[in-house]
Amino acid sequence: MRDHVKLFIPGPVEVSPDTYAAMSAPMIGHRSKDFQNLYADIQSKLQTLFGTKQQVYVSTSSAWGIMEGSLRNLVKKKVLNCCCGAFSDKWFDVSKRCGKDAAELKVEWGQPITAALIAEKLATGEFDALTLVHNETSTGVLSPLEEIAALKKKFPDVMFIVDTVSSFTTVPVNFDALGIDVLLTGSQKAFAMPPGMALFAASDAAYARAATIADRGYYFDFIEFKKNGETSMTPSTPCIALIYGLRHQLNKMLDEGLDNRYARHARLNAMVHAWVKKHNFEFFAPNGFRSKALTCVKNNKGDAFDVANFVSTLKKRHNLAIDGGYGKIKGKTFRISNMGDETEATMAELIAALDDTIATM
Ligand SMILES: *Cc1c(COP(=O)(O)O)cnc(C)c1O
C-alpha cells in the first residue's frame with residue numbers, strides 16, 4: 001500500500017515528488033537579480049497559459065486573497081454575485097464583508113449560470129462589477145464562460161471578475177480573447193502544487209477602475225502588483241519556494257503541450273464518467289455543463305448507499321481520498337477529482353479501488 005493518503009479530492013490534489021524536489025532549491029533574495037530572472041522566466045510562460053499580453057501576477061495568498069482583492073479594487077457601485085454553489089455563494093458573503101453593495105443572481109445548486117440570466121440583471125444598470133465562478137467546485141458545474149464573457153461588449157463598464165480556480169488548465173481559458181477584467185486561479189487545484197499561491201491577470205479597464213478607488217489597501221492592490229511586475233518583482237516578499245514549484249509545473253505543462261493537457265483532462269474525466277454509469281449513479285450537473293476537472297456524483301440510491309462509509313472504506317483499504325460532498329449536499333453527492341498530474345494509469349488504479357470498495361459494501 002502507498003505510504004501516504006493520495007488525494008483525489010477537488011483540491012488540494014496530489015503533489016508529485018518532482019514538484020516537491022523543485023521547491024527545495026536554495027532561497028534567494030526577493031530584490032535580487034536572481035529573483036528577477038526567476039520572475040521573468042515564469043512570466044512569459046504564464047502569459048502563454050493565460051492567453052494574454054497583460055502581466056500575470058503571483059500572490060502569496062490562497063485564491064481568496066485575490067477574490068477579496070478584486071472586490072476591493074474594482075467595485076464602486078454594486079456587484080452582482082452569480083451564485084450556483086458553495087464557492088460562488090461565498091463571493092456574495094465576502095462582498096458584503098468588504099462593505100460592498102451586492103446582490104445575488106441565484107440558481108439552484110447543480111444548475112449553471114447562463115448569459116441570458118446575467119444580461120437581464122446587468123440591463124438594470126445597477127451594477128459596475130460581477131463575479132462568476134467558471135467551474136463551481138462544490139457541484140461540478142461548468143458555466144458557459146465564452147457566452148457570458150461576450151456580454152462584456154454590451155456592458156463595457158461592468159468589471160467581469162472570473163474565478164477559474166478549479167477549471168484553469170483543464171480546459172482552454174484565454175484571457176485576452178474572452179475580454180474579461182480579472183481572471184484568477186490558485187495553486188492547489190489543477191496546477192498540482194501545495195496551497196498558498198494565487199495567480200491572476202487584470203485588464204486595462206480594471207487598472208483604470210482601481211485607480212479611482214481609494215481604499216483598495218496595500219497587500220492586494222492591483223496597481224502595486226502592476227508597478228512591481230514591470231521590474232519583475234512582487235509588492236512584498238513572495239512564497240519563493242512555491243514559485244520554484246510553479247516554474248517546474250509550467251515547464252511540465254508546456255512540454256506536454258496545452259492542447260494535449262486539455263485532452264488528457266477530458267479523457268481522465270471520461271474514465272470517471274464511465275465508472276459512474278457502470279454503477280448506475282447519476283451526475284449532479286446537467287449534460288453539457290459538466291466539469292472536466294472533477295465529477296460530482298449524485299447519490300441516487302438514497303439510504304441504500306452510505307457515502308461517508310464509502311469514502312472512509314476507500315481510505316482505509318487503499319489510502320485514497322475522495323470527497324463525501326460539500327456543504328448542504330454532503331452525503332447526497334460525492335466528488336472525484338481528475339485534475340493535475342494524473343494519468344490513465346493512476347486513474348485506472350483509483351477506479352479499481354472504487355470498484356473494490358463498492359464490492360465490500
Ligand atoms: C478551491 C476554490 C476556491 C478557494 O480557494 P482558496 O485557495 O481556498 O482560497 C475558490 N473558488 C473555487 C471555485 C475553488 O474551487
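Note that ligands are numbered from 1 as they come in the structure, with each ligand's atoms numbered from 1 the same way.
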side-chain hydrogen bond (donor to acceptor under 3.5 Å, both in side chains) against Lys78, all qualifying residues, sequence neighbours excluded: Glu126

Give the protein residues with at least one non-hydrogen atom closer than 4.0 Å to an atom of ligand 1, ordered by chain and number. Ser62, Ala63, Trp64, Met67, Phe87, Val133, Asn135, Thr137, Asp163, Val165, Ser166, Gln188, Lys189

Relative to Phe281, does Lys301 satisfy both conditions: NZ or CZ under 6.0 angstrom from the six-membered ring centre, and within 45 degrees of the ring's axis? yes

Cation-pi check for Phe87 against Lys189: NZ or CZ below 6.0 Å from the six-membered ring centre and within 45 degrees of the axis, yes or no? yes

Taking atom types as modelled, find out whether Ser138 and Glu136 have a side-chain donor-acceptor pair closer than 3.5 angstrom. yes

State, with a plain yes or no, whether a side-chain heavy atom of Arg335 is found less than 4.5 Å away from one of Thr295. no

Do Phe155 and Phe127 have their ring centres less than 6.0 Å from each other? no

